[in-house]
2 protein chains.
Amino acid sequence: MSDLLERLRGRGWRLTAQRRVVAEVLDGDHVHYTADEVHARASERLPEISRATVYNTLGELVLLGEVLEVSTDGRAKRYDPNAHHDHHHLVCSQCGTIRDVHIESDPMSALPEPERFGFEVSEVSVTFRGTCPNCARA
Amino acid sequence: MSDLLERLRGRGWRLTAQRRVVAEVLDGDHVHYTADEVHARASERLPEISRATVYNTLGELVLLGEVLEVSTDGRAKRYDPNAHHDHHHLVCSQCGTIRDVHIESDPMSALPEPERFGFEVSEVSVTFRGTCPNCARA
DNA sequence: TCTTGACTTAGACATTGTCCAATGTAGGAT
DNA sequence: ATCCTACATTGGACAATGTCTAAGTCAAGA
Ligand SMILES: [Mn+2]
Ligand SMILES: [Mn+2]
Ligand SMILES: [Zn+2]
Ligand SMILES: [Zn+2]
């Protein structure tokens, strides 16, 4: 994700300590943190970082297409740095754990023209729900 | 939806005026109201109905499987009385309008066994996003 | 080093949803 | 028809998530 910082500088971003730690928190592969989880982890490295800055930075990364917003339940949105590889999500209904999954067919082609109602359809997301192995053992 | 009231009575529900108007508001086909929209519409018929009762009633209807909860964006959940016919959703990214859509392939079968990570997968939802004809004209 | 516009901060505010104690009532019992 | 009572409703406090603003700070080009 160090190239992310390069890309951002290329876009005219000021590279502040706050933006650096947010990028570092999102660095791990396959993480899906809420804004407040990002804030908590960022605060470990930079204790004075504010919630507003975390929200601002996440919003900017989403606009730039570097991070995806995922709303699985009606709870807090989750932020997904895996924005450059198409994938979908498998969510545990009990504990909320999210796994990235790859599917075999193109879901976009499953929507026939007459079912598009004149919309310009640009995006499709598939969310599988179930019980994870951990929760099943309980 | 009058048979809904029958089914509810069969389950031991007390048929109160509040529950009746909530059911009436949800009666129209293909509606996807937020809880507060249901409350606003219910208030037109029964001005003293409280937000708490609307939330309670919607939650109970969801538990009974009579209404589906739909979280498309990170905003308020929407309540979908079309619970007895499998369908998916097409959402306008700009105005939030939701249409019911039917797709051609079974998305559940698109998730290969090795991509299930030991989950017991029970449900799948497909959400298409785009621009509706109304918003495209602007 | 200076300057300046972009960035950050704290906290107020907004929206959505949950919870509780007090009050009301649907529907069975008499 | 009236009474009882467990279930339902109410208003408002509270919680979780997210947005906004005014004042202070700083990255980076001149
Ligand atoms: Mn992901
Ligand atoms: Mn629907
Ligand atoms: Zn789980
Ligand atoms: Zn629209």
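Each chain gets a letter, A, B and so on, in the order the sequences are listed, and its residues count up from 1. Note that the coordinates shown come from a computational prediction; the quantities given were computed from them, not determined experimentally.
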Using whole Å, what does the distance between atom P of nucleotide dC7(D) and atom CG of Leu8(B) come to? 17 Å
Looking at Glu6(A) and Arg9(A), is any side-chain nitrogen of the basic one under 4.0 Å from a carboxylate oxygen of the acidic one? yes
Mark up nucleotides 24-30 of chain D, 5' to 3', with B wherever a protein heavy atom is under 4.0 angstrom from a base atom, S wherever such an atom reaches only the sugar-phosphate, and - elsewhere. --BBS--
Is there a path of hydrophobic side-chain contacts, each under 4.5 Å between heavy atoms, that joins Val124(A) and Phe117(A)? yes
Sugar-phosphate means primed atoms, P, OP1 and OP2; the rest is base. With that split, encode nucleotides 11-21 of chain D 5' to 3' as B, S or - using protein heavy atoms under 4.0 Å. B----SSBBB-
Consider only side-chain heavy atoms of I, L, V, M, F, W and Y, link residues closer than 4.5 Å, and tell whether Val70(B) and Phe128(B) are in one cluster. no
Between the side chain of Glu24(A) and the main-chain N/O of Val21(A), is any donor-acceptor distance below 3.5 Å? no
Output the rounded distance in Å from CZ (Arg19(B)) to C1' (dT25(C)). 12 Å
With a 4.5 Å cut-off on side-chain heavy-atom distances among I, L, V, M, F, W and Y, is there a chain of contacts connecting Val126(A) to Leu68(B)? no
SB check Glu115(B) Arg99(A) (cutoff 4.0 Å): no
Between the side chains of His32(B) and Asn82(B), does any donor sit under 3.5 Å from an acceptor? no
Side chains of Arg78(B) and Tyr33(B): do they bring a donor and an acceptor to under 3.5 Å? no
Residue-phosphate contact under 4.0 Å: Gln18(B) side-chain N/O, dG24(C) OP1/OP2: no
Checking side-chain polar atoms at under 3.5 Å, does His89(A) have a donor or acceptor matched by the opposite partner on Asp80(A)? yes
Between CG of Leu58(B) and P of dA8(D) the distance, given in whole Å, is 15 Å
Determine, step by step, whether Leu4(B) and Glu66(B) satisfy the side chain to side chain contact (heavy atoms under 4.5 Å, CB included) criterion, reporting the C-alpha distance in whole Å, the side-chain angles of both residues, the deciding distance to 0.1 Å, and the verdict. CA-CA 8 Å; Leu4(B) 168 60; Glu66(B) 299 286 354; 3.5 Å; yes
Five pairs at each end of the helix from dT1(C)-dA30(D) to dT30(C)-dA1(D): take the axis at both ends and give me the angle between them to 10°. 20°
